[in-house]
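Read the structure below first, then the notes.
These figures come from a predicted structure and were not determined experimentally. A note on names: the letters A, B, ... follow the listed sequences, proteins ahead of strands, and every chain is numbered from 1. Computed from heavy atoms alone, side chains included, the values below leave out hydrogens, waters and symmetry copies.
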Amino acid sequence: MPLADDLAAAGVAAGSTVALVVAPVGVALAWDGGARQLPGDVSVLAPELARLDVRWTWWSARESAGPLVAVAGRAAGRAGPRLRACWDLAAVSRLLHGTSREDAAAVWSAHRGLVEPPPPRGELDLLDLGDEDGSAIRPDGQLSREWVAGGWADDLTRALRWAELALEVQAAQESALRALPDPRSEARQPPLAVLTAYAESGAALLALELEHDGLPLDRDVATGLIGAVTGPRPVDESHATAQRRGRDDAVLRLFPDAGAVDLRNPAQVRVMLARIGLDLPDTRSWRLEPHAASLPPVAALLAWRKAERLSTTYGWSWLDRHVGADGRLRGRWSAAEGAGRMSAQAGLHNMPAELRPAVRADPGWVLVRADLGQVEPRVLAVVSGDAALATAAREADMYAPVAAALHSDRPTAKVAVLAAMYGQTSGPAGAALRDMDRAYPRAMAYLRTAEEAGRAGTDLRTYGGRLLRLSRVRVGDEGDMSFDDRYPPSAWGRFARNAVVQGSAAELFKAWAVTVRAGLAGSPGRIVLCLHDELLLHVPAEDAAEVSALLVTALQATARWWAAGSGVRFVADVAVGESWAEAH
DNA sequence: TCGGTCACGTA
DNA sequence: CGTACGTGACCGAG
């Protein structure tokens with residue numbers, strides 16, 4: 001009997017939650033009131049699984065969906081069935097509990113309210129096993145270290161137990177999310193936090209697909225761009241050294257007595273600059289910029305820095321390490337980092353704009369780019385419930401009405417809004433900030449509340465329910481506090497003020513992205529890059545118009561539930577081109 | 001070999 | 001002295 005019919009007969013309704021565990025020997029499914037063991041290779045089972053209309057629950061997309069994503073692309077072809085709705089316990093755990101780890105041990109301990117155990121290491125230590133007796137849960141309530149290390153994969157009976165535990169965690173996570181207050185001015189079902197869990201789970205799956213599919217990059221174009229800055233690809237190490245020397249000398253010649261100054265050593269550069277009369281606290285480019293016009297050596301140094309950046313971070317070794325033979329740039333993706341933004345390695349998120357011409361569609365395909373306009377101030381209008389700011393956010397350009405309300409010009413209005421969200425304390429925004437307080441009191445109060453929570457060490461949640469852990473741990477008995485080591489106390493307030501806006505915007509963005517992904521089902525087009533407020537899609541040329549429309553309708557559909565009742569409008573700018581640069 | 005600092009790319 | 005992120009070169013401690 002086909003699996004779909006089997007599950008239907010077993011009472012699994014469309015859209016219901018089914019836990020999925022993928023083991024080498026087969027697949028285990030568990031749902032409320034039933035279970036199945038499906039022996040066999042996942043590559044054979046994958047297409048049928050992908051066609052089922054259920055919400056897959058897995059410990060993490062990487063563990064369970066990884067094999068399916070790899071198989072679906074290969075076996076089913078580019079337009080084959082894709083996994084649909086899911087519930088990613090690791091992603092939701094990060095949302096609900098504000099933890100950073102995604103291993104099952106951390107997910108489980110957060111679920112049971114236990115101390116987070118040490119992260120699993122590569123190899124099992126006998127000491128780890130303690131008095132484990134082979135069962136999944138230890139006497140102390142933690143997950144078995146053996147199971148966490150992959151012991152669930154030994155046979156289908158264990159895989160099924162692993163699926164049943166996933167089902168338990170899912171139910172607890174969902175009811176905890178349902179218990180959170182719905183922040184929308186028009187509360188609806190399902191609650192916003194549950195919808196956010198769906199989106200965060202989908203984003204974790206999307207992250208895996210981004211890793212698998214890669215970003216199309218034309219090696220020849222990239223070679224031309226890099227070569228124009230650094231010279232031709234060096235044939236050996238001495239050639240590379242000579243190229244570097246040539247670039248260095250062109251700068252050093254312009255400084256008197258520069259001699260053997262190492263341009264890569266900021267201390268030496270600072271001394272060198274002092275000799276031409278520039279006494280600066282550091283040598284950062286924004287400090288040098290004002291002197292570039294009057295001092296040719298400084299202009300040369302800044303140009304050198306740009307070239308050096310390209311040759312070290314985005315040069316030949318970058319190309320060799322991260323671009324595959326198939327012309328795809330691949331790096332590891334994370335669906336939620338810190339405040340909740342996606343992040344990516346291999347330079348995918350910080351590639352210099354000069355290299356964008358190298359991001360090129362395959363022949364017969366195009367890149368469709370869409371970015372959200374003024375997303376953070378619009379998000380602030382939604383999350384703070386500020387009626388006046390929401391009215392401004394009904395416009396395509398919301399800074400125009402803000403400028404009118406502040407009796408200022410548009411640039412000043414923009415700086416004032418950004419300054420409020422980012423916690424800027426100095427500069428020319430001061431007066432405009434006081435006007436902001438008068439015009440948008442609820443938005444400003446919302447930000448101030450977040451800042452005070454940051455300073456006081458009180459946990460916060462984003463609009464979608466992401467826990468921002470701001471509480472400080474008491475370290476010594478003298479009461480010295482240590483928060484996250486990254487932040488000095490002076491920055492805690494600014495961090496929190498920004499995190500509630502940036503994190504909520506990231507939730508909207510991911511909800512949009514997974515809606516777009518769903519809209520691409522059955523077509524060969526793919527999302528190939530997520531960049532905080534920008535999506536880049538690789539699609540057949542003949543699909544360009546349809547996909548462009550999808551990007552807009554998906555945003556409207558997302559905003560309907562995300563910003564329900566706020567009146568805030570979200571806008572996207574869409575463009576099509578052969579390259580990323582052209583699609584701007 | 002490691003962590004800290006500086007620097008800089010993107011949003 | 002606006003926030004977030006990832007990356008690489010250099011330095012000094014171990």
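Salt bridge annotation for A:Arg328-A:Asp326: absent, with no cationic side-chain nitrogen under 4.0 angstrom from a carboxylate oxygen. Remark: A:Glu211 does not engage A:Arg330 in a salt bridge, criterion side-chain N to carboxylate O under 4.0 Å. Between A:Asp435 and A:Arg438, at least one side-chain N (NZ, or NE/NH1/NH2) sits under 4.0 Å from a carboxylate O, which counts as a salt bridge.
Between C:dT3, C:dG8, C:dC5, one nucleotide has an atom nearer to the side chain of A:Asn498 than all others, and that is C:dT3.
Judged by distance alone, the side chains of A:Asp386 and A:Ser384 never bring a donor and an acceptor atom under 3.5 Å apart. For A:Glu376 and A:Tyr422, the side-chain atoms include at least one donor-acceptor pair closer than 3.5 Å.
With sequence neighbours left out, the ring-ring contact (aromatic ring centres under 6.0 Å, His included) criterion links A:Tyr463 to A:Trp562. Legend: residues meeting side-chain hydrogen bond (donor to acceptor under 3.5 Å, both in side chains) with A:Asp437, ordered by chain and number and at least two apart, are A:Arg448. When the side-chain hydrogen bond (donor to acceptor under 3.5 Å, both in side chains) test is applied to A:Ser60, no partner is found at least two apart in sequence or on another chain.
Within 4.0 Å of A:Asp371, counting heavy atoms only, lies no atom of the nucleic acid at all. Note on A:Arg497: nothing from the nucleic acid sits closer than 4.0 angstrom, heavy atoms only. Within the nucleic acid shown, A:Arg287 has no heavy atom closer than 4.0 Å to any nucleic acid atom. Contact annotation for A:Ala353: backbone-only contact, meaning every heavy-atom pair under 4.0 Å involves sugar-phosphate atoms and none involves a base.
Applying the salt bridge (charged side-chain N to carboxylate O under 4.0 Å, His left out) test to every pair with at least one member in residues 308-318 of chain A, sequence neighbours left out, gives these pairs: A:Arg247-A:Glu308, A:Arg264-A:Glu308. Pairs passing the salt bridge (charged side-chain N to carboxylate O under 4.0 Å, His left out) check and including a residue from residues 366-375 of chain A, sequence neighbours excluded, read A:Arg369-A:Asp371, A:Arg369-A:Asp573. Residue pairs meeting the side chain to side chain donor-acceptor pair (under 3.5 Å) criterion with at least one member in residues 575-584 of chain A, sequence neighbours excluded, are A:Arg356-A:His584, A:Glu534-A:Trp580. Counting only residues at least two apart or in different chains, salt bridge (charged side-chain N to carboxylate O under 4.0 Å, His left out) contacts with residues 392-401 of chain A comprise A:Asp397-A:Arg410.
Applying a 4.0 Å cut-off to non-hydrogen atoms, the residues of residues 340-352 of chain A that approach DNA chain B are A:Arg341, A:His349, A:Asn350, A:Met351, A:Pro352, listed by residue number. Contacts between residues 313-323 of chain A and DNA chain C, defined by a heavy-atom separation below 4.0 Å, involve A:Thr313, A:Arg321, listed by number.
Across the protein-nucleic acid pair, A:Asp248 atom CG and C:dA9 atom P stand 13 Å apart, rounded to whole Å. If you take CG of A:Leu531 and P of C:dG6, they are 13 Å apart, rounded to a whole angstrom. Taking atom CZ on A:Arg494 and atom P on C:dG2, their separation rounds to 7 Å, with Å as the unit. Between the CD atom of A:Glu308 and the P atom of C:dT7 there is a distance of 18 Å, given to the nearest Å. Atom pair A:Leu418:CG and C:dA4:P shows a separation of 16 Å (rounding to whole Å applied). Distance NZ (A:Lys510) to C1' (C:dC5): 13 Å, rounded to an integer number of Å.
Once rounded to the nearest 0.5 Å, the distance linking CH2 of A:Trp304 with CG of A:Leu252 reads 9.0 Å.
On the nucleic acid side, DNA chain B contacts chain A at distances under 4.0 Å to non-hydrogen atoms, with the end points of that region at B:dC6 to B:dA11.
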What does the list of N/O pairs under 3.5 Å between the protein and nucleotides 10-13 of chain C look like, with a distance for each?
residue : atom : partner  : partner atom : Å
C:dC11  : OP1  : A:Asn265 : ND2          : 2.7

For residues 348-355 of chain A, tabulate all N or O donor-acceptor pairs below 3.5 Å that involve a side-chain atom, not counting sequence neighbours.
residue  : atom : partner  : partner atom : Å
A:His349 : NE2  : A:Cys530 : O            : 2.6
A:Asn350 : OD1  : A:Tyr314 : OH           : 3.1

